[in-house]
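Just so it is clear, the model here is predicted, and its values are computed rather than measured. We number each residue from 1, following the sequence as shown. Both ligands and their constituent atoms are indexed starting at 1 by order of listing.
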Amino acid sequence: MSVSNGASHRSDGERWFITGGCGFIGRNLISLLLGQGVPLGSIRVYDNHSAGSLDDLKHVTQAAEEGADWGSGLIGVWQGDVRDALAVGRAMQGSTHVVHLAASTSVTRSVEDPLTDCQHNVLGVLTMLEQCRTHPVEAFVFASSSAPLGAAAQPITEETPPNPASPYGASKLAGEGYCQAYANCFDVPTSILRFGNVYGIHCNHTESVVARFLLRALEGLPLEIYGDGTATRDFVYVEDLCEAIALAARQARTHAGEIYQIATHRETTVNEIANILASVLKDQGVEGVTVNHAQTRVGDVQRNFSDVAKAKRDLGWEARTSLQEGLSKTADWFLQNSR
Ligand SMILES: C[C@H]1O[C@H](OP(=O)(O)OP(=O)(O)OC[C@H]2O[C@@H](n3cnc4c(=O)[nH]c(N)nc43)[C@H](O)[C@@H]2O)[C@@H](O)[C@@H](O)C1=O
């Protein structure tokens, strides 16, 4: 099957509501939707400004304004907490496609403070789903992760039994459960996407390995590898991931309650990431990148990569960007924006 990832979709009548839309993935999703022809006034962002603000969004488009209304010709940015049912209910009025990206995304922070992780990730999604029960929508896309699966046999598939290795994995698993329950019990068209390790442009998420490596290299500091660097992950380029979000949202009614792994089926070690980045940076004039080793983190799994056949079969999606190309684009963006 040839996969076009939905480039020519008609977007008439869609009104996108993106929680966490000022953050890394949100900014890229907005950029993709605008490129697909979704009008500015058909996109609304709901964000607590913890990982991004209106100013960050302005790297993607200048046409965004606090509180702008649907159809105003501007992206509306509404500030609020996803656990605040009243505020989120008000902001969501009129939306058709909800993408729930707002979350606490750090495995390490979840180990330090499991309760806060739970409050953001579990109560957050539940509050959003409650709103979709009372204000019906065409789609509710939930940003999950491979973290619910923990140290499972590799590659993981949608059939792999969950066994979270961290509170973060547990909170994402609970979110998946609520999405399935709301699809089964209340007919909310939920789509659960388990993201691989996302990297790419417009990233200010300084805790993920690619961003941290780049920021340190550009400051002339050694890359810090936790453990011996043989841990593996499945790195997916953010633009590819956003194509999957848009496709899943537009097909949520057909596949309500389904889980999809959104990654590349390629297993890459942290050492390989360090090596590719060092060579990409060298090509761009940043020489002499070095590496330090630090202790392994609690809650980390050793191996993780995903079978992605189900997303290709049902959604018509597959990742298109090679690791070399994606890391090169990412390094380029950091060189231009982080100094
Ligand atoms: C799917 C899942 O993906 C992410 O969780 P993560 O896999 O913990 O991501 P990470 O980028 O923190 O670590 C990846 C690997 O890289 C190792 N590592 C080495 N050296 C450094 C280092 O210097 N920094 C970091 N951060 N990691 C390092 C680290 O020990 C681990 O083995 C989240 O986005 C999460 O939201 C999510 O859903």
| task | Start with the C-alpha gap between Arg250 and Glu138, add the side-chain angles, then the distance that decides, and say whether salt bridge (charged side-chain N to carboxylate O under 4.0 Å, His left out) holds. | result | CA-CA 8 Å; Arg250 289 171 175 141; Glu138 293 299 313; over 6 Å; no

Just to be sure I read this right, does ligand 1 sit under 4.0 Å from the backbone of [X], its side chain, both, or neither, counting only heavy atoms?
X	answer
Phe213	side chain
Arg216	neither
Val270	side chain
Lys172	neither
Ala147	neither
Asp300	side chain

| request: To the nearest 0.5 Å, tell me how far Ile259 CD1 sits from Phe142 CZ. | output: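 So the CD1 of Ile259 and the CZ of Phe142 are separated by 10.0 Å.
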
| field | Spacing of NE2 belonging to His59 relative to OG belonging to Ser31, to within rounding of 0.5 Å | value |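 Here the rounded value is 13.0 Å.
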
Between the side chains of [Y] and [X], is the shortest nitrogen-to-carboxylate-oxygen separation below 4.0 Å, so that they form an ion pair?
X	Y	result
Glu176	Arg194	yes
Glu325	Lys329	yes
Arg212	Glu207	no

Counting from 1, what ligand 1 atoms have a heavy atom of [X] closer than 4.0 Å?
X	result
Ala231	32 (O)
Val107	5 (O), 8 (O)
Glu207	12 (O), 25 (C), 26 (N)
Ser146	1 (C)
Glu224	20 (N), 21 (C), 22 (C), 23 (O)
Phe195	1 (C)
Ser145	1 (C), 2 (C), 37 (C), 38 (O)
Ser208	11 (O), 26 (N)

| request: Report, as yes or no, whether the 6.0 Å neighbourhood of atom NZ on Lys58 holds more than 12 heavy atoms from other residues, nucleotides or ligands. | output: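 Result for NZ/Lys58: enclosed.
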
| query | For Asp234, does its backbone N or O pair with a side-chain atom of Arg266 as donor and acceptor, under 3.5 Å? | reply |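 Looks like no, no N/O pair under 3.5 Å.
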
| query | Are any side-chain N or O atoms of Asn337 and backbone N or O atoms of Trp333, one a donor and one an acceptor, separated by less than 3.5 Å? | reply |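 Yes, Asn337 side chain to Trp333 backbone: donor-acceptor pair under 3.5 Å.
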
| is_close_aromatic(His202, Phe24), centroid dist under 6.0 Å |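 Ring centroids of His202 and Phe24 are no less than 6.0 Å from each other.
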
| Min N/O separation Gly196 to ligand 1 under 3.5 Å |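 No.
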
